[in-house]
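Okay, structure first, notes after.
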Amino acid sequence: MLAPSDGMLRALGANYRVVESGGGSVCGRAARLVEALRHDGKVAARYWIDSASGIPLRREVLDGQGRIVRGEAFVEVTIATSRPLAHVSSGGRLSSEAVAALRSRGWTFPAILPGGLELANAAESGGYLKLGYSDGVSVVSVFIQRGNLDEERLAGWRSQRRDGHTIWIRDSAGLEMIWASGGHVYTVFADAPADVAAAAVLGLPHEADPGFWDRFARGADRVLSWVNPFA
């Protein structure tokens, strides 16, 4: 929340209409309310920006039904006024050369996931690949490791089986998922609404019966039925 990358800011402007919607107060400090609007005009996220420093003090992320699904806020903050804040570039879109280099070493991954989630960063370390996707509001982190999934060690995870394919989920909202496909293990952590996380998972490699993902993706209600145990 405090330091979005340049890539996230660019994606935010590309995927949403960003407008100032008034003022407010957070931790007793005057703040500007900024909203990110979807193409249908519905609010996707709200940000309270400190009027004096420009620091984000509070954030809310809403799903397509207008329900708040994620939120963070400072409860106490002290901002020194003696040192002005300066923007520090944290990288824009990942270059095509960097993507090609990773793929030449045998890694397979999409540049864009459903819902406008663009590949913002990638790093290879310790035998696994970490990918970061964002649409400017939501962030989906994907970890890929070569090998097989040891399901006996997944304490605290529950399995969801659909048409012969198993995905393991750890939290009730379905924002932590793990599965195996094509000699690789995929782990997903999503700071996103459940429907965004589900769509992102659909865009990643899976081994299943022919036509499984076509059938699986026919309706959003069916997608949500396995990421939300209360649906």
Let me confirm one number: the [atom1]-[atom2] distance from [X] to [Y], rounded to the nearest 0.5 Å.
X      : Y      : atom1 : atom2 : value
Ile167 : Arg158 : CD1   : CZ    : 11.5 Å
Asp50  : Ser25  : CG    : OG    : 9.5 Å
Glu118 : Leu113 : CD    : CG    : 10.5 Å
Tyr133 : Met8   : OH    : CE    : 15.0 Å
Ile49  : Arg32  : CD1   : CZ    : 6.5 Å
Leu62  : Arg70  : CG    : CZ    : 13.0 Å

Following the transitive rule for hydrophobic clusters with a side-chain heavy-atom cut-off under 4.5 Å over Ile, Leu, Val, Met, Phe, Trp and Tyr, establish whether [X] and [Y] coincide in one cluster.
X      : Y      : answer
Trp157 : Ile144 : no
Phe74  : Ile79  : yes
Phe189 : Val61  : no
Val43  : Trp48  : no
Val185 : Met177 : no

Quick one: does [X]'s side chain get under 4.5 Å of [Y]'s, heavy atoms only?
X      : Y      : result
Leu37  : Tyr16  : no
Val196 : Leu117 : yes
Ile178 : Phe143 : no
Thr108 : His184 : no

Does atom [atom1] ([X]) have a neighbourhood of more than 12 heavy atoms from anything else shown, all under 6.0 Å?
X      : atom1 : result
Asn148 : CG    : no
Arg105 : CZ    : yes
Arg146 : CZ    : yes

How far apart are the closest heavy atoms of [X] and [Y], and which atoms are they?
X      : Y      : value
Pro193 : Val69  : CG-CG2, 3.8 Å
Gly136 : Ala11  : N-CB, 3.7 Å
Val188 : Val142 : CG2-CG2, 4.1 Å
Gly64  : Arg38  : N-NH2, 3.8 Å
Pro114 : Ala199 : CG-O, 3.3 Å
Ala180 : Leu149 : CB-CB, 3.9 Å

Verify, without hydrogens or angle tests, whether [X] (side chain) and [Y] (backbone) share a donor-acceptor contact under 3.5 angstrom.
X      : Y      : result
Arg59  : Val137 : yes
Arg103 : Phe109 : yes
Trp179 : Pro205 : yes
Ser159 : Thr166 : no

Under the salt bridge (charged side-chain N to carboxylate O under 4.0 Å, His left out) test, which residues partner Glu151, sequence neighbours left out?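 Salt bridge (charged side-chain N to carboxylate O under 4.0 Å, His left out) check on Glu151 returns nothing, list empty.
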Sequence neighbours excluded, which residues qualify as side-chain hydrogen bond (donor to acceptor under 3.5 Å, both in side chains) partners of Tyr186?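 By the side-chain hydrogen bond (donor to acceptor under 3.5 Å, both in side chains) rule, Tyr186 matches no residue at all.
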